[in-house]
Amino acid sequence: MSLPRRALAAAAAALLLTACGSASTGASADLAGAKSGTAPNGVTINLTPNQHRVTTPKVDAIAALVPAEIRRRGTLQVVDSLGTVPPLDFHATDDRTIIGAEPDLAHLIGNVLGLEVELNPVSWENVFVGLDSGKYDLGITNITVTEARKEKYDFATYRLDILGFEAKKGGSWRVTGPKDVAGHTIGTSSGTNQEKLLIAWNEQNVRAGLKPVDIKYYQNSSDYYLALSSGRIDAWLGPNPTEAFHAAQTGETEVIGTYSGGGADVLGKIAATTRKDNGLVKAVNAAINEIIRNGTYGQVLKRWGLDGEAVRTSEINPPGLPKTG
C-alpha cells in the first residue's frame, strides 16, 4: 500500500535492521576463522555448516497448489545471488555450505510445499536470466518488488526492504533524505534498487541547485569496505541487514541513516520471485503465510537478527518501487 512520507519515515526510523547486496566469501572477511558472530539484536549467529535449521511440517492443502510439473519433480529449484555479506546469504566457515536468513526461509517454504529445496548460487544478473528461461522456479535473494519487475515476474513478499547508509563510526553526518547526500562520495552496487534510489536523489538535488553525488560502484564487499575505511567513499548504500551486522562485528562503522527501499511513497518489500503467470506464486504466498502463522518465520528472522523487518502477512504483487524516467 502507499503510505504518506511521514509514515514511511517513522517506519524506517523504527527499524534498526533491514534490505540487494554484494560479494563475500566464507563468513565474510570480518568473521574469518570465527565459528559465530553477534547480530545487532544480541543473538549469537552460528556460522558453521552445522546449521540445525528451523523446520516445519508439510501442509497438504498448500502443497496441492504447486504446479503439477514441480510436484512430480519433487524439488524446488531456488536461485540465489550468493555473496551477500552476512546475515542474508553467504558461505559457512567451510566455504561451501550456503547459509543465512534467505536459505533458511527457502527451506521453510520447501517444507510446507513438501519439496526438497535445491539452492543455485549465481551472479545477480543471472538470477533473472534463470527465472526467465525456466531453469529456476523461485528467486529468494533480497529481491525488491518494483513496478517494472512486476511486468515480468510475480512476487510473494516476506520481508521489509530498508536500505542503509554505512559510514565510519563517530562522525556527526546523518542521512534522512536527498539533501543529506549532496556533495558526498557514496558507493553502491550497479543494477540494484539502492542504485536507482541514489540516482533519483542525485537528480533531485541537482535540479534544486545542490552539489551532485559522486557515485562509485563496487560489487565485492572487500572492495567497498576497503574504500570506506580508506576514505575513498564517505558512505556505502546497501541492504541495512548486512550493514548493521558488519558494524556490529567491526565496531568501526555505523549506520547513519535508513530509508525505505520503495522510495518516499511506497514501503519497500522483499519478495520471493517467480516467472510471471507460471502458477507457483499462490503456493509460495500461502506457504509464507503458513510459516508466519505457525511462528517458524519469526524464529528464522530472530535467529539472524532480522526480527525488526518482519512482515505481518505475505502479499502477492503489492505496489512496488515506481518506474523512473
Side-chain angles (χ1 to χ4, degrees), residues 15 17-19 39 41 43 45-46 50-67 70-71 73-81 84 86-90 97-120 131 136-145 153-162 239 241 267-274 278-318:
L15 295 168
L17 299 170
T18 313
N41 67 353
V43 170
I45 293 180
N46 174 12
N50 303 315
Q51 283 294 290
H52 310 294
R53 283 192 172 104
V54 178
T55 61
T56 194
K58 177 183 178 183
V59 178
D60 291 336
I62 299 177
L65 300 174
V66 175
I70 298 176
R71 289 204 312 270
R73 187 203 308 150
T75 60
L76 186 66
Q77 297 297 325
V78 174
V79 61
D80 62 311
S81 179
T84 304
L88 295 178
D89 189 352
F90 60 106
T97 305
I98 301 172
I99 65 174
E102 308 277 44
D104 278 9
L105 290 172
H107 279 88
L108 277 181
I109 291 168
N111 289 164
V112 175
L113 301 180
L115 299 170
E116 181 182 350
V117 169
E118 293 186 359
L119 298 173
N120 298 273
L131 290 171
Y136 309 121
D137 304 315
L138 187 65
I140 301 183
T141 183
N142 210 56
I143 300 172
T144 303
V145 180
Y153 307 100
D154 285 322
F155 295 97
T157 60
Y158 64 87
R159 228 178 59 237
L160 296 177
D161 177 15
I162 305 297
L267 185 58
K269 303 285 179 64
I270 300 296
T273 306
T274 72
N278 76 347
L280 181 59
V281 73
K282 288 183 179 179
V284 173
N285 168 253
I288 296 171
N289 279 321
E290 168 61 17
I291 62 176
I292 291 173
R293 183 201 64 78
N294 70 22
T296 53
Y297 165 84
Q299 290 177 47
V300 165
L301 292 194
K302 184 174 182 180
R303 179 178 189 231
W304 294 100
L306 301 178
D307 32 336
E309 60 179 29
V311 296
R312 293 184 178 181
T313 187
S314 175
E315 305 168 84
I316 293 177
N317 296 332

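The analysis underlying the following values was restricted to heavy atoms, covering all of them including side chains, and did not include hydrogens, waters or symmetry mates.
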Residue list, side chain to side chain donor-acceptor pair (under 3.5 Å) with Tyr153, at least two apart or on another chain: Asp132
To the nearest 0.5 angstrom, please state how far the CD1 atom of Ile143 sits from the CG atom of Asp161. 11.5 Å
Residue pair Val311 / Leu160, side-chain heavy-atom distance below 4.5 Å: yes
Ignoring hydrogens and angles, tell me if any N or O in the side chain of Thr273 forms a donor-acceptor pair with the backbone of Ala271 under 3.5 Å. yes
Looking only at non-hydrogen atoms, find the nearest pair between Pro318 and Val145 and report the distance. O-CG1, 3.6 Å
Just to verify, what does Arg312 make a salt bridge (Lys or Arg N to Asp or Glu O under 4.0 Å) with, not counting sequence neighbours? none
Can Lys282 and Asn285 be said to form a side-chain contact (heavy atoms from CB on, under 4.5 Å), step by step? CA-CA 5 Å; Lys282 288 183 179 179; Asn285 168 253; 5.6 Å; no
Knowing that exactly one of Asp154, Leu138, Leu65 qualifies, which makes a side chain to side chain contact (heavy atoms under 4.5 Å, CB included) with Val281? Asp154
Heavy-atom pair with the smallest gap, counting every atom of Thr141 and Ser81: OG1-N, 2.8 Å
If you compare all heavy atoms of Ala63 against all heavy atoms of Lys58, which two are closest, and at what distance to 0.1 Å? CB-CE, 3.6 Å
Atom pair CD (Glu102) and OH (Tyr158), whose distance is rounded to the nearest 0.5 Å: 3.5 Å
Sorted by chain and residue number, the salt bridge (Lys or Arg N to Asp or Glu O under 4.0 Å) partners of Lys302 (sequence neighbours excluded) come out as none
Approximate separation, where rounding is to 0.5 Å, of Asp80 CG and Ile98 CD1: 5.0 Å
Any heavy-atom pair between the side chains of Leu306 and Pro87 that's under 4.5 Å? yes
Nearest atoms (heavy-atom pairs only) where Val284 meets Ala272: CG1-CB, 3.8 Å
Phe155 side, atom CZ; Asn317 side, atom CG - distance, nearest 0.5 Å: 7.0 Å
Can you measure from OG1 (Thr157) to CG (Leu267) and round to the nearest 0.5 angstrom? 10.0 Å
One should read off an interatomic distance between Leu105 CG and Thr296 OG1, to the nearest 0.5 angstrom, of 8.5 Å
For Gly139 and Leu131, which heavy atoms make the closest approach, and how far apart are they? N-CD2, 3.8 Å
Pairs involving residues 285-295, ordered by first then second residue, that meet salt bridge (Lys or Arg N to Asp or Glu O under 4.0 Å) (sequence neighbours left out): Glu290-Arg293
Any side-chain heavy-atom pair of Thr144 and Lys269 under 4.5 Å: no
Looking only at heavy atoms, which two atoms of Gln51 and Ile99 are closest? And how far apart? CG-CG2, 3.4 Å
For Arg53, the salt bridge (Lys or Arg N to Asp or Glu O under 4.0 Å) test, sequence neighbours excluded, returns Asp104
Regarding Ser314 and Asn289, is there a side-chain donor-to-acceptor distance under 3.5 Å anywhere? no
Return all side-chain donor-acceptor pairs below 3.5 angstrom for residues 108-119, not counting sequence neighbours, or 'none' if the list is empty.
from: Asn111; atom 1: OD1; to: Thr56; atom 2: N; distance (Å): 3.2
from: Asn111; atom 1: ND2; to: His107; atom 2: O; distance (Å): 3.2
from: Glu118; atom 1: OE1; to: Gln77; atom 2: NE2; distance (Å): 2.7

